[in-house]
Enquirer: 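The following block contains the structure, expressed as C-alpha cells.
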Amino acid sequence: MIFRTHYCGLIDKQDAGQEVAIVGWIHRRRDHGGVIFFDMRDETGLVQVVYNPDNKETFALAESCRAEFVLLSKGIVRERPEGTINPDLASGEIEIIASELTILNTSLALPFQLDEHASVGEETRLKYRFLDLRREAMQSNIRLRAKVSHSLRNVLNEEGFLEIETPLLTKATPEGARDYLVPSRTYPGSFFALPQSPQLFKQTLMASGFEKYYQFARCFRDEDLRADRQPEFTQIDIESAFVDANDIINTVTRMISKVFKETLEVDLEDFPHLTYAEAIEKYGTDKPDLRNPLELVEVKDLFINSDFKVFSEPANSDDSRIAALCIPMGGSLSRKKIDDYTDFVGTFGAKGLAYIKVDDPSKGKDGLQSPIIKFIDESIIEKLLVSLDVKEGDIVFFGAGKRKVVNDSLSALRDLVAQDLDLLTSEWAPCWIVDFPMFEIASSGLITPLHHPFTAPRCSIKELIKDPLLALTDAYDIVLNGTELGGGSVRIHDHEMQSAVLKILNINQDEAEEKFGFLILALKHGCPPHAGLAIGFDRLIMLMTKSDSIRDVIAFPKTQTASCLMTNAPGPASSEQLDELHLKIQDLNKET
RNA sequence: GGACCGGUAGUUCAGUUGGUUUAGAACGCCGCCCUGUCACGGCGGAGGUCGCGAGUUCGAGUCUCGUCCGGUCCGCCA
C-alpha cells in the first residue's frame with residue numbers, strides 16, 4: 001500500500017496543480033462551519049489542508065476529526081489565494097484542497113496540548129512521553145542527538161577507530177559508584193553487575209591489538225540523580241595504543257570541533273589548556289565556565305598578621321585559603337540578593353559571605369562599605385584594593401576557610417553571579433584541564449585516585465611510593481561551558497606500576513586478583529602503552545541543545561528517584577521468577 | 001542520608017490574617033453558530049477526593065505533624 005506521495009513540510013509552489021497524498025497528524029484544526037482547515041504534521045513539518053463542503057462525504061468526515069487524529073489525505077496542491085499566504089510556515093505559500101480523507105487512527109482528547117505555547121509539568125510529560133516526544137522541542141533534541149552521533153561516528157571512523165561492543169552483563173568494578181546488579185539463574189547467589197563504564201574491557205582491547213577503539217557505551221551507576229545525571233547514560237568511549245596524552249587531546253579536540261561545525265555550524269575557536277592547579281586557584285573548580293570573566297584572587301598572604309580572626313586563622317593554616325571574587329559594578333546588588341548569596345554559599349559549608357562595596361576607591365577605607373571593614377587595618381585594605389584592582393561601583397566577596405569549602409562555595413557563587421548579572425561573554429567556551437594529581441585525600445580520610453586506579457603517574461614507582469600525594473598524572477578533562485564533558489588519561493601498562501598504585505590504595509592482591517585479575521594478566525602479556533577518554537554523550541547533547549536537563553535529550557529518561565513514569569519500572573517480580581533466581585524478598589515493613 | 005521548592009478542573013496557575021458566595025481564571029474538552037483561518041472567532045455547557053492520612057479548631061485548600069509523588073541542590077557520583 002502506498003500511503004503518501006509527498007511529505008507535508010516539503011510541498012511548495014513547484015507542486016502546484018499536482019494531486020498529492022499526504023499522511024500525518026492533525027496538528028491543529030480550524031472549523032469555520034463552511035470550510036475546515038487542518039494543519040497536517042509529519043516528520044518534515046506542517047501543511048494546510050482545506051476541506052470544502054461541496055465534497056459532502058469528505059467534509060462530514062473532516063468535521064468528526066480531532067487533534068492528533070492520523071489521516072491520509074488526497075487532494076490538489078494549489079497556490080494560496082491572495083492575502084492568505086502564511087509566511088511563518090515553510091509550506092505557507094500553498095495549500096492542499098482535499099478530495100479524499102481516510103482516518104488511519106483516532107486519538108483520545110490529549111492530556112496536554114502539544115503546541116509550543118503550552119507549558120506542561122514534567123511529571124505529566126514523562127507519563128505521556130510518547131506525546132511529549134511529538135512536540136517540536138523534543139523532536140529537534142532527539143534529532144540533533146542522532147545527527148551528532150552520526151557525525152561522531154563518521155569522524156572516528158575517518159580517524160581509523162574501530163567500533164567494538166563490550167558486555168553489559170559483567171562484573172562489579174573496584175570502588176566507584178554503586179552497581180546495578182543482575183542475579184544469575186545458573187549460579188545461585190551470584191550476580192552480574194551492569195558496567196559503570198567499559199574501562200577494563202577497553203584496556204583489555206588494547207592488549208588485544210585493536211589499536212584504536214571506540215564505542216557508544218551504555219553505562220550504569222546506581223547513585224542519586226541530578227539535572228545532568230541519569231542512572232543509565234551513554235559515553236563515547238575511546239582508547240588508543242601507542243599514543244600519549246596530547247594525541248588523545250588533539251584527536252578529541254578535532255572531533256568535537258568538527259561535530260560542532262557539522263551539526264550546529266559553530267566554529268569552536270581555541271581549546272585553552274589549564275592545569276588542575278591553575279583552575280582551582282583561579283576558578284575554585286576543575287570545570288570552570290570560561291564564558292564567565294570573573295576570577296578568584298588569592299589574598300591569603302595579606303591577612304597573616306591581621307587581627308581579624310575570621311581571616312587570620314585561615315591565613316595561617318595550610319589547608320585553608322582566602323579568595324576574593326570581585327564583581328565589576330556589583331555594588332548595585334541589593335541587600336536581599338547578598339543575603340540570598342550568603343544562604344547559597346552556606347549550602348557548601350561556608351559560614352558566611354564577607355563583602356566590601358566599593359563606593360570610591362580613591363578614598364581608601366572611607367570609600368568602602370562593609371560589615372567587616374572595621375576589623376581590618378588600613379594598610380591591609382590599601383594592599384587589598386591594589387591587588388584586586390577595584391573600581392567604583394564594584395563589590396568584592398570573600399571566602400575564607402577550608403580550601404574545599406572556599407573553592408566549592410566561591411566557584412558556585414561565581415557561576416550564579418554571572419547568571420544573575422548576565423556576564424557571560426561568549427556562547428561556547430571549551431577547555432582542557434590537565435596535570436591532575438594522582439591521588440587526593442577523600443572526606444573519609446582515605447587516599448583515593450582523582451581519576452581512577454588505572455591512570456599512569458608521571459613519576460617512577462620509587463617516587464610514587466615516597467610521596468603519592470605529590471604525583472601528577474597525564475589525565476585530562478574536557479570542559480565545556482562549566483560542564484565536565486569527559487575525561488581520560490594515559491593508562492598504566494606496566495604491571496609493577498599497577499601493583500604499586502593498588503598497594504597505595506590499600507587494595508590487596510587477592511581483591512585485585514578477584515576483581516580485575518584479567519587486566520593485570522593482560523598487562524603481563526605484552527600490553528602496549530595506551531591512553532583514552534570517555535565523553536558524556538547525553539551531557540554533550542544537553543549543552544548543544546541548550547537544555548536545562550539531561551532528561552530533555554533522552555527519549556525515555558528516569559525521574560530523580562530513578563523510576564520511569566511511563567512504564568512504571570521498576571516493578572515487582574513474580575514469585576516464580578524470584579524462585580528461579582534463588583532470591584527472597586525481605587518483609588519490607590519489617591525494615592528499620 | 002540532608003536542605004529547599006512544588007502538588008487545587010484534562011493542562012498551566014490564582015485562591016488574602018483560617019470563615020461570604022456554590023473553590024476561580026486561562027487554555028483544552030463537549031454542544032450550537034460561523035466559507036479564508038492559520039495559537040480562527042462567537043454563544044452556551046460539562047468538568048474538583050484541593051496528593052494521601054492524622055491532628056489543632058465551632059470551622060482547614062489555607063495552620064501542625066506524618067507520608068507519597070515531582071523538581072533543584074548538598075552528601076554521593078573512583
Side-chain angles (χ1 to χ4, degrees), chain A residues 27-40 46-54 59 66-68 80-89 91-92 95 97 107-128 131 173-179 196-197 199-200 219-231 233 340 343-350 404-405 408-409 412 416 436 438-440 442-444 446-455 475 484 487 489 501-502 505 507 515 536 548-549 551 558-561 563 565:
Chain A
H27 188 65
R28 198 172 281 285
R29 70 195 174 93
R30 293 177 291 279
D31 184 346
H32 287 234
V35 60
I36 300 172
F37 302 99
F38 288 168
D39 289 340
M40 293 301 298
L46 299 175
V47 69
Q48 174 164 283
V49 180
V50 186
Y51 295 88
N52 286 310
D54 38 307
F59 188 78
R66 293 294 180 266
E68 297 301 307
R80 291 201 189 186
E82 192 74 25
T84 66
I85 286 171
N86 182 352
D88 298 331
L89 215 58
S91 64
E95 60 192 3
I97 307 301
S107 171
L108 295 176
L110 300 173
F112 54 88
Q113 286 154 266
L114 304 187
D115 60 87
E116 65 272 29
H117 311 284
S119 65
V120 201
E122 191 152 9
E123 204 169 343
T124 314
R125 288 175 52 203
L126 289 176
K127 179 170 178 195
Y128 292 94
L131 293 178
T173 42
E175 306 173 311
R178 203 174 290 118
D179 286 309
Q196 294 179 25
S197 82
Q199 181 62 32
L200 299 179
C219 305
F220 304 85
R221 293 179 190 176
D222 187 5
E223 293 294 344
D224 289 340
L225 308 184
R226 290 286 188 279
D228 63 353
R229 269 161 39 186
Q230 280 276 300
F233 59 98
D340 288 349
D343 291 345
F344 178 72
V345 296
T347 65
F348 299 90
K404 183 172 159 46
V405 170
D408 288 355
S409 54
L416 185 61
F436 281 82
M438 178 73 192
F439 302 107
E440 66 179 344
S443 50
S444 60
L446 297 173
I447 188 164
T448 52
L450 229 71
H451 191 50
H452 59 53
F454 312 106
T455 300
E484 182 193 329
S489 62
V501 168
L502 295 174
L505 293 171
I507 298 175
K515 295 204 163 139
D548 293 326
S549 157
R551 295 183 298 276
K558 309 264 187 300
T559 65
Q560 193 163 47
T561 46
S563 73
L565 296 181

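In the text below, chain A, chain B and the rest are named by the order of the sequence lines, each starting its count at 1.
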Enquirer: Can you list everything that forms a side-chain hydrogen bond (donor to acceptor under 3.5 Å, both in side chains) with A:Q230? Sequence neighbours excluded, please.
Expert: none

Enquirer: For A:E440 and B:rC76, give me the distance from atom CD to atom P, rounded to whole Å.
Expert: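 One finds 10 Å between P of B:rC76 and CD of A:E440, rounded.
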
Enquirer: Examine B:rG70: is either OP1 or OP2 under 4.0 Å from a nitrogen or oxygen in the side chain of A:T561? Give yes or no.
Expert: yes

Enquirer: Checking side-chain contact (heavy atoms from CB on, under 4.5 Å) against A:E440, which of A:L446, A:T448, A:I447 comes through?
Expert: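 Per the side-chain contact (heavy atoms from CB on, under 4.5 Å) rule, the option paired with A:E440 is A:T448, out of A:L446, A:T448, A:I447.
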
Enquirer: B:rC65 and B:rU21: how far apart are their P atoms, nearest whole angstrom?
Expert: 28 Å

Enquirer: Is there a Watson-Crick or G-U wobble partner for B:rC65 with both distances under 3.5 Å, and if so, which one is it?
Expert: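 Its partner is B:rG53.
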
Enquirer: Can you check each nucleotide of nucleotides 36-46 of chain B against protein heavy atoms at under 4.0 Å and return B for base, S for sugar-phosphate only, - for none, in 5' to 3' order?
Expert: BBBBB------

Enquirer: Assess whether atom NZ of A:K558 is packed by more than 12 heavy atoms of other residues, nucleotides or ligands within 6.0 Å.
Expert: yes

Enquirer: Rounded to whole Å, please give me the gap between CD in A:E122 and C1' in B:rU72.
Expert: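 Computing the A:E122:CD to B:rU72:C1' distance gives 11 Å.
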
Enquirer: Could you tell me which nucleotide pairs with B:rG75 by Watson-Crick or G-U wobble geometry, both distances under 3.5 Å, or answer none if nothing does?
Expert: none

Enquirer: What do you reckon, is CG of A:D54 surrounded by more than 12 foreign heavy atoms closer than 6.0 Å?
Expert: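 Counting other residues, nucleotides and ligands, CG of A:D54 exceeds 12 neighbours.
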
Enquirer: Below 3.5 Å, does any donor atom in the side chain of A:R226 face an acceptor in the base of B:rG71, or the other way round?
Expert: no

Enquirer: Please report the distance separating the P of B:rG10 from the corresponding atom of B:rG6, rounded so that it comes out in whole Å.
Expert: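 Pairwise P distance, B:rG10 against B:rG6, rounds to 22 Å.
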
Enquirer: How far, in whole Å, is B:rC5 from B:rC13 if one measures between their C1' atoms?
Expert: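 Nearest-Å result for B:rC13 against B:rC5 at atom C1': 16 Å.
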
Enquirer: Could you state the atom-to-atom distance from CG of A:D548 to C1' of B:rG71 in whole Å?
Expert: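 Atom CG in A:D548 sits about 12 Å away from atom C1' in B:rG71.
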
Enquirer: Please measure how far the C1' atom in B:rA39 lies from the corresponding atom in B:rU56, and state the result in whole Å.
Expert: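 Looking at atom C1' only, B:rA39 and B:rU56 are 48 Å apart.
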
Enquirer: Has A:T559 got a side-chain N or O lying under 4.0 Å from the OP1 or OP2 atom of B:rG70?
Expert: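 Result: yes.
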
Enquirer: Tell me the partner of B:rC58, counting only Watson-Crick (N1-N3 plus N6-O4 or O6-N4) or G-U wobble (N1-O2 and O6-N3) with both under 3.5 Å; none if nothing fits.
Expert: B:rG19

Enquirer: For B:rG70, give the paired nucleotide (Watson-Crick: N1-N3 plus N6-O4 or O6-N4; G-U: N1-O2 and O6-N3; both under 3.5 Å), or none.
Expert: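 Its partner is B:rC5.
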
Enquirer: Which is true for A:R551 with a 4.0 Å heavy-atom rule: it touches a base, it touches only sugar-phosphate, or it touches nothing?
Expert: sugar-phosphate

Enquirer: Output the rounded distance in Å from CG (A:L114) to C1' (B:rG28).
Expert: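 Those two atoms, CG and C1', are 11 Å apart.
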
Enquirer: Could you please name the partner base of B:rC30, counting Watson-Crick and G-U wobble pairs only when both distances are under 3.5 Å?
Expert: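 The answer is B:rG44, by the H-bond criterion.
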
Enquirer: For A:R221 and A:A67, find the nucleotide of RNA chain B closest to each by heavy atoms; which residue's nucleotide sits nearer the 5' end?
Expert: A:A67

Enquirer: To the nearest 0.5 Å, what is the distance between CG (A:L89) and CD (A:E95)?
Expert: 11.0 Å

Enquirer: Hunt down the Watson-Crick or G-U wobble partner of B:rC38, both distances under 3.5 Å, from any strand shown, or write none.
Expert: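 Paired with no nucleotide.
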
Enquirer: Looking only at heavy atoms, what is the nearest atom pair of A:P81 and A:T84, with distance?
Expert: O-OG1, 2.7 Å

Enquirer: Under 3.5 Å, side chain of A:S563 to main-chain N/O of A:T559, donor-acceptor pair present?
Expert: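 Checked: no pair found.
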
Enquirer: What contact category does A:G92 fall into here, base, sugar-phosphate, or nothing, at under 4.0 angstrom with non-hydrogen atoms?
Expert: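 A:G92: no heavy atom of the nucleic acid under 4.0 Å.
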
Enquirer: Using a heavy-atom cut-off of 4.0 Å across all strands, would you classify A:Q113 as base, sugar-phosphate, or nothing?
Expert: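 Answer is base: heavy atoms of A:Q113 come under 4.0 Å of a base.
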
Enquirer: State the pairing partner of B:rA25; accept Watson-Crick or G-U wobble contacts with both distances under 3.5 Å, and report none otherwise.
Expert: B:rU12

Enquirer: Within the 4.0 Å heavy-atom criterion, would you say A:S563 contacts the bases, only the backbone, or no part of the nucleic acid?
Expert: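 Sugar-phosphate, no base atom in range.
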
Enquirer: Among the candidates B:rG75, B:rU35, B:rG31, find the nucleotide nearest to the side-chain atoms of A:R66.
Expert: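 In terms of side-chain proximity for A:R66, the closest of B:rG75, B:rU35, B:rG31 is B:rG31.
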
Enquirer: What integer distance in Å separates A:L108:CG from B:rU11:C1'?
Expert: 16 Å

Enquirer: Which value, in whole Å, describes the distance between the P atoms of nucleotides B:rC68 and B:rC32?
Expert: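 My reading of the P atoms in B:rC68 and B:rC32 gives 48 Å.
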
Enquirer: Taking only the P atom of each, what is the distance from B:rG18 to B:rC63 in whole angstrom?
Expert: 8 Å

Enquirer: Tell me, do A:F37 and A:R28 make a side-chain contact under 4.5 Å, heavy atoms counted?
Expert: no

Enquirer: Could you tell me how far apart A:K127 (NZ) and B:rG70 (P) are, to the nearest whole angstrom?
Expert: 13 Å

Enquirer: Identify whether any heavy atom of A:I36 sits under 4.0 Å from a base atom; if not, whether one sits that close to sugar-phosphate; answer base, sugar-phosphate or nothing.
Expert: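 A:I36: no heavy atom of the nucleic acid under 4.0 Å.
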
Enquirer: Can you check the A:D179 CG to B:rC77 C1' distance for me, whole Å?
Expert: 12 Å

Enquirer: With nearest nucleotide decided by heavy atoms, which residue, A:A227 or A:H451, maps closer to the 5′ end of RNA chain B?
Expert: A:A227

Enquirer: How far does the C1' atom of B:rG51 sit from the matching atom of B:rC76, given to the nearest Å?
Expert: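 Between the two C1' atoms, the distance is 29 Å.
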
Enquirer: Under 4.0 Å between any heavy atoms, over every strand shown, what does A:L225 touch: base, sugar-phosphate, or nothing? Just pick one.
Expert: nothing

Enquirer: Would you please name every residue forming a ring-ring contact (aromatic ring centres under 6.0 Å, His included) with A:F220, sequence neighbours left out?
Expert: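 Scan of A:F220 (ring-ring contact (aromatic ring centres under 6.0 Å, His included), adjacent residues dropped) gives none.
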
Enquirer: Could you check how far CD of A:E223 sits from P of B:rC76, rounded to whole Å?
Expert: 10 Å

Enquirer: Determine, for A:E223 against A:R229, whether the closest basic-nitrogen to carboxylate-oxygen distance falls under 4.0 angstrom.
Expert: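 No salt bridge links A:E223 with A:R229.
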
Enquirer: Would you measure the distance from the P atom in B:rG19 across to the matching atom in B:rG24 and give it in whole Å?
Expert: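 15 Å, rounded to whole Å.
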
